[in-house]
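Here is the structure we will look at.
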Amino acid sequence: MKSLTHSSKLPHLGTSIFTTMTGLANQYNAINLSQGFPEFDTPERLKQGLAKYCGQGFNQYAPSSGLAPLQAQIAALTGRTYGTDINPLDTVTVTSGSTEALFVAIQTITHPGDEIIIFDPAYDSYKPAIELAGGRAVHISMQAPDYAIDWLQVAAAITDRTRGIIINTPHNPSAKTLKQADFDELKALVSKHQLLLISDEVYEHIAFEGTPHISVLSDPELFSRAFVIASFGKTFHCTGWKMGYCIAPEVLTQEFRKIHQYVTFSSFTPAQLALTDMLAEESEHITALAPFYQHKRDVLVNALQASRFTILPSEGTYFLLLDYSDISPLDDMAFCEYLVKEVGVATIPLSVFYQTATNDKVIRLCFAKEDDTLLQAAQRLAAL
């Protein structure tokens, strides 16, 4: 019998850094501040709603685009938050998590030979999805400590093969937010070159210091050529439910749904009903999210003030970056392995989010944890 031979479509990919670090955290019984999931539970109303609708028999396929009541609540939330009036049936598609929405949006816009601009450090699903569509990811590097976009570099990277740009704000992993000046530059480029835009806004409700998140949804010109991706998992502490959505103009939504129907077809029916009720009757959870996580950030930052780490500003998300240049000459991967094995805290090296690794000695911590967990981790880190 001949041995099986197979050519990988993603030959350079292995186990993700999140799986690796969580595995090490479990092996060494370390405090896990690596993977970005909350340590606390989803709201009680959502859990009760899920059980209720399962018990009432809502356990079969939902419409591929999502249940109409949930689409309507998403449109209402968009109106309240950004002052944007959208037709939910034509523009809102419920997906099995934001990663599915990102994958489908990338497949929708990317043809073989197309180039898609992404910004490093970049969320790790962008590049593989682009390559699976036959495209090429064009990387624009952002550097510590500011992680600002060089828009002249972006303009220089645009060619006749450039199809679109992916932005992420608030940004994972840098915890920075795009400012109005960034959107002005972005709008000029996408208009001049007739580009499409994918806006990853899964942390939209977690922006700090009272500074509101700026969404593509609030700019009609940008939205006219955009897919905006959101996450219920981030908003309602239920990452395991894998519930998200995409908002796009009708013509783009039609193309998005052609692919979505053959990826997951539809998403978790009882969860859609529970989320509908949550949005309709406990919307204050969303407005409380930013101060809730700002408190978590401040607990961790204050506990690390006496440490030898340099703390970089966290403007949004539930992540904090630390520069360890004054502590160790190790590269960031080796330093993270040292931390989990010898110090008992699991973190993420930032270099894994770059195509070309930088010399920045920066690691990422997740503060979506109980206060006691954050204080214990900070105590161990401050002892270095």
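Side-chain atoms are counted along with the backbone in the values below, which use heavy atoms only and exclude waters and symmetry mates.
- With I165 as the partner, the side chain to side chain contact (heavy atoms under 4.5 Å, CB included) test is satisfied by one option alone out of I116, I140, V138, L186: L186.
- Side-chain contact of D200 with Y126: a donor-acceptor pair under 3.5 Å is present, judged by distance alone.
- Looking at T22, its side chain never comes within 3.5 Å of a backbone N or O of T19 through a donor-acceptor pair.
- Between F353 and Y123, the distance separating the two ring centers is not shorter than 6.0 angstrom.
- In this structure, a donor-acceptor pair under 3.5 Å is absent between the side chains of N168 and Y203.
- Remark: the S218 side chain and the S215 side chain contain no N/O donor-acceptor pair separated by less than 3.5 Å.
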- Query: Given the rule in the side-chain contact (heavy atoms from CB on, under 4.5 Å) test, do I117 and T162 qualify, once you have shown the distances and angles that lead to the verdict?
  - Reply: CA-CA 8 Å; I117 292 174; T162 306; 4.1 Å; yes

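- Around CD of Q379, the count of heavy atoms belonging to other residues, nucleotides or ligands within 6.0 Å does not exceed 12.
- Under the 4.5 Å side-chain heavy-atom criterion for Ile, Leu, Val, Met, Phe, Trp and Tyr, Y318 and V345 are members of the same hydrophobic cluster.
- For the residue pair T108 / E255, no side-chain donor-acceptor distance below 3.5 Å is found, with atom types taken as modelled.
- Considering every non-hydrogen atom in both I311 and V301, the closest pair reads CD1-O, 3.8 Å.
- Shortest non-hydrogen contact noted between S267 and V94 is OG-O, 3.9 Å.
- Q60 CD: 12 or fewer foreign heavy atoms inside a 6.0 Å radius.
- Within 6.0 Å of CG on N359 lie no more than 12 heavy atoms contributed by other residues, nucleotides or ligands.
- No donor-acceptor distance shorter than 3.5 angstrom exists from the side chain of T169 to the backbone of H171, with no hydrogens or angles considered.
- Hydrophobic clustering (ILVMFWY, side-chain heavy atoms < 4.5 Å, transitive): L275 and V228 are in one cluster.
- When the shell of 6.0 Å around OH of Y262 is examined, it contains 12 or fewer heavy atoms from other residues, nucleotides or ligands.
- At a threshold of 4.5 Å between non-hydrogen side-chain atoms, the residues L46 and F232 do not count as touching.
- With hydrogens and angles ignored, the 3.5 Å screen pairs a side-chain donor or acceptor of D150 with a backbone N or O of L152.
- At a threshold of 4.5 Å between side-chain heavy atoms, the hydrophobic network of Ile, Leu, Val, Met, Phe, Trp and Tyr places I198 and L217 in two separate groups.
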- Message: Apply side-chain contact (heavy atoms from CB on, under 4.5 Å) to residues I17 and M333 and explain how you reach the verdict.
- Response: CA-CA 10 Å; I17 189 64; M333 187 68 209; 3.7 Å; yes

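- Closest heavy-atom contact between A137 and I130: N-CG2, 3.8 Å.
- Remark: side-chain polar atoms of Y28 are not paired, donor with acceptor, to backbone N or O of G344 under 3.5 angstrom.
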- Query: Where do D277 and Y53 land on the side-chain hydrogen bond (donor to acceptor under 3.5 Å, both in side chains) test, with the steps shown first?
  - Reply: CA-CA 11 Å; D277 291 348; Y53 289 115; 2.6 Å; yes

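- Using a 3.5 Å distance cut-off with no hydrogens or angles, the side chains of E201 and S199 do pair a donor with an acceptor.
- With hydrogens and angles disregarded, no donor-acceptor distance shorter than 3.5 Å links the side chain of D323 to the backbone of T310.
- Hydrophobic clustering, with ILVMFWY side chains joined whenever heavy atoms are under 4.5 angstrom apart, groups Y338 together with Y324.
- S266 and S64 get closest at one heavy-atom pair: CB-CA, 4.0 Å.
- Between F40 and F292, the ring centre distance stays below 6.0 Å.
- Counting only distance, with no hydrogens or angles, the side chain of H111 and the backbone of D114 share no donor-acceptor pair below 3.5 Å.
- Hydrophobic cluster membership is shared by I214 and L178, with clusters built from Ile, Leu, Val, Met, Phe, Trp and Tyr side chains linked at under 4.5 angstrom.
- Contact between Q294 and E209 at its shortest, heavy atoms only, is OE1-N, 2.9 Å.
- Here the side chains of F319 and I348 are not in contact, with every heavy-atom distance at 4.5 Å or above.
- Between the side chains of E100 and H260, at least one donor N or O lies within less than 3.5 Å of an accepting N or O.
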Validation: residues 236-250 side-chain donor-acceptor distances under 3.5 Å, sequence neighbours left out:
from: H237; atom 1: ND1; to: Y293; atom 2: OH; distance (Å): 3.4

- Message: One pair to check against side-chain contact (heavy atoms from CB on, under 4.5 Å): Y61 and T269. What are the steps and the verdict?
- Response: CA-CA 6 Å; Y61 296 124; T269 302; 5.5 Å; no

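- For the pair K47 and D41, the salt-bridge criterion is met [side-chain N within less than 4.0 Å of a carboxylate O].
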- What do the steps show when you test S351 against D332 for side-chain hydrogen bond (donor to acceptor under 3.5 Å, both in side chains), and what is the final call? CA-CA 7 Å; S351 64; D332 59 355; 2.8 Å; yes

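- Of the possible donor and acceptor atoms, none in the side chain of H139 sits under 3.5 Å from a partner among the backbone N and O of A122.
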Can I get a per-line list of side-chain donor-acceptor pairs under 3.5 Å for residues 361-375, giving both atom names and the distance, sequence neighbours left out?
from: K361; atom 1: NZ; to: P329; atom 2: O; distance (Å): 3.1
from: K361; atom 1: NZ; to: L330; atom 2: O; distance (Å): 3.2
from: R364; atom 1: NH1; to: N172; atom 2: OD1; distance (Å): 2.8
from: R364; atom 1: NH2; to: S34; atom 2: O; distance (Å): 2.8
from: K369; atom 1: NZ; to: F37; atom 2: O; distance (Å): 2.8
from: D371; atom 1: OD1; to: K296; atom 2: NZ; distance (Å): 3.0
from: D371; atom 1: OD2; to: H295; atom 2: NE2; distance (Å): 2.8
from: T373; atom 1: OG1; to: E39; atom 2: OE1; distance (Å): 2.9
from: T373; atom 1: OG1; to: E39; atom 2: OE2; distance (Å): 3.0

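- Both cation-pi conditions hold for R297 and F208: the charged atom is under 6.0 angstrom from the six-membered ring centre and inside a 45 degree cone around its axis.
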- Message: Determine whether S307 and Q305 satisfy the following criterion, side-chain hydrogen bond (donor to acceptor under 3.5 Å, both in side chains), listing intermediate values before the conclusion.
- Response: CA-CA 6 Å; S307 76; Q305 287 294 343; over 6 Å; no

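- A donor-acceptor pair is defined here as one N or O able to donate and one able to accept, closer than 3.5 Å; such a pair exists between the side chain of T235 and the backbone of S231.
- The main-chain N or O of A129 is found under 3.5 Å from a side-chain atom of Q107 such that the two form a donor-acceptor pair.
- Side-chain polar atoms of E115 and T159 form a donor-acceptor pair below 3.5 angstrom.
- At least one side-chain heavy atom of S191 sits less than 4.5 Å from a side-chain heavy atom of E221.
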- Task: Quick one: do Q73 and T276 satisfy side-chain hydrogen bond (donor to acceptor under 3.5 Å, both in side chains)? Show the steps, please.
- Result: CA-CA 6 Å; Q73 286 300 323; T276 300; over 6 Å; no

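- For the residue pair I86 and A75, the shortest heavy atom distance occurs at CG1-CB, 3.8 Å.
- The main-chain N or O of L195 is found under 3.5 Å from a side-chain atom of R225 such that the two form a donor-acceptor pair.
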- Message: Would E315 and K179 count as a salt bridge (Lys or Arg N to Asp or Glu O under 4.0 Å) here? Give the steps.
- Response: CA-CA 11 Å; E315 299 174 346; K179 312 304 189 293; 3.0 Å; yes

